[in-house]
Amino acid sequence: MTTPAAPAPPGDPAGTAPADRPAVPAAERGATVIPDKVVARIAVRAAREALAAYAAPSPSARAGPAAPQASVAVGGGAARLALTVDLPYPADLARVSRQVRDHVRERVALLTGMRITEVTLVIEHLIPSGGLESRRVR
């Protein structure tokens, strides 16, 4: 005569977990580690999103702003970001900078689950609204 099998523990519908071993609490299971390089790529993407509203169509691809660059320092579930961007001119640079920093902070925090303690923005170039080509002397 066989004895009936014990029911599967909650969260294990197939009954593959040993019944004699208790579940490990979430805090003791480990942590997801996101490399600095990945956080930097997310920050660059977020900066591009924020700057898209200010991008003026330019006659040639090389006349527009350069792609943003980012460096990241990650530790203890928090990150510090440094971004280098080109901004349009004329524009309210303080307002545009603040919007870019805020957008990057929100997106990186949302996508990585990290606390963003600092976002430093370095303005590399100011790009005239007509593009660089229209300002050159011929």
Side-chain angles (χ1 to χ4, degrees):
M1 176 166 193
T2 61
T3 58
D12 188 23
T16 57
D20 60 341
R21 191 171 66 186
V24 178
E28 296 177 17
R29 286 186 210 145
T32 301
V33 177
I34 302 173
D36 294 5
K37 188 176 185 179
V38 173
V39 178
R41 287 176 129 184
I42 293 170
V44 166
R45 179 69 177 255
R48 280 188 184 146
E49 291 170 1
L51 291 170
Y54 303 103
S58 63
S60 69
R62 64 181 187 173
Q69 296 177 343
S71 61
V72 178
V74 177
R80 290 182 324 204
L81 309 173
L83 293 167
T84 302
V85 297
D86 291 351
L87 292 183
Y89 185 81
D92 182 353
L93 298 178
R95 182 178 54 81
V96 173
S97 298
R98 189 172 32 258
Q99 288 176 343
V100 170
R101 281 193 322 260
D102 291 346
H103 183 77
V104 169
R105 177 181 288 116
E106 290 170 7
R107 291 293 288 165
V108 173
L110 176 71
L111 294 173
T112 64
M114 293 181 177
R115 187 172 41 88
I116 308 303
T117 59
E118 179 181 342
V119 178
T120 303
L121 193 67
V122 175
I123 301 170
E124 186 76 19
H125 298 104
L126 295 176
I127 306 298
S129 60
L132 295 175
E133 295 295 322
S134 65
R135 302 289 181 154
R136 293 201 173 146
V137 176
R138 296 177 192 227

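Note that this is a predicted model, so its numbers are computed, not measured.
Every residue meeting the side-chain contact (heavy atoms from CB on, under 4.5 Å) condition with Val24, not counting sequence neighbours, appears here in chain and number order: Glu28, Arg29. Contacts of Thr117 classified as side-chain contact (heavy atoms from CB on, under 4.5 Å), with partners at least two apart in sequence or in another chain: Ala78, Arg80, Arg115. Listed by chain and residue number, Gln69, Val122, Glu124 satisfy the side-chain contact (heavy atoms from CB on, under 4.5 Å) test with Thr84 (two or more places apart in sequence, or in another chain). Evaluation of the side chain to side chain donor-acceptor pair (under 3.5 Å) rule for Thr120 yields Glu118 as partners, not counting sequence neighbours.
Minimum heavy-atom separation, Leu87 to Ser97: CD1-OG, 3.7 Å. Of all the heavy atoms in Ala91 and Val96, the pair that sits closest is CB-CG2, 4.2 Å. The two atoms that bring Val85 and Pro68 nearest to each other are CG1-CB, 3.9 Å, heavy atoms only. Taking every heavy atom of both residues into account, His103 and Ala46 meet most closely at CD2-O, 3.1 Å.
Each of Val44 and Val100 belongs to its own hydrophobic cluster when Ile, Leu, Val, Met, Phe, Trp and Tyr are linked at side-chain heavy-atom distances under 4.5 angstrom. In the hydrophobic clustering of this structure, Leu110 does not group with Ile42; members are Ile, Leu, Val, Met, Phe, Trp, Tyr whose side-chain heavy atoms approach within less than 4.5 Å, directly or through other members.
Under the side chain to side chain donor-acceptor pair (under 3.5 Å) criterion, no residue pair touches residues 33-46, with sequence neighbours excluded. Screening residues 105-114 for salt bridge (Lys or Arg N to Asp or Glu O under 4.0 Å) gives Glu49-Arg107, Asp102-Arg105 as the qualifying pairs, with residues at least two apart or on separate chains.
Rounded to the nearest 0.5 angstrom, Leu81 CG and Ser71 OG are separated by 8.0 Å.
Side-chain contact between Leu126 and Leu93: present, with at least one pair of heavy atoms (C-beta onward) separated by less than 4.5 Å.
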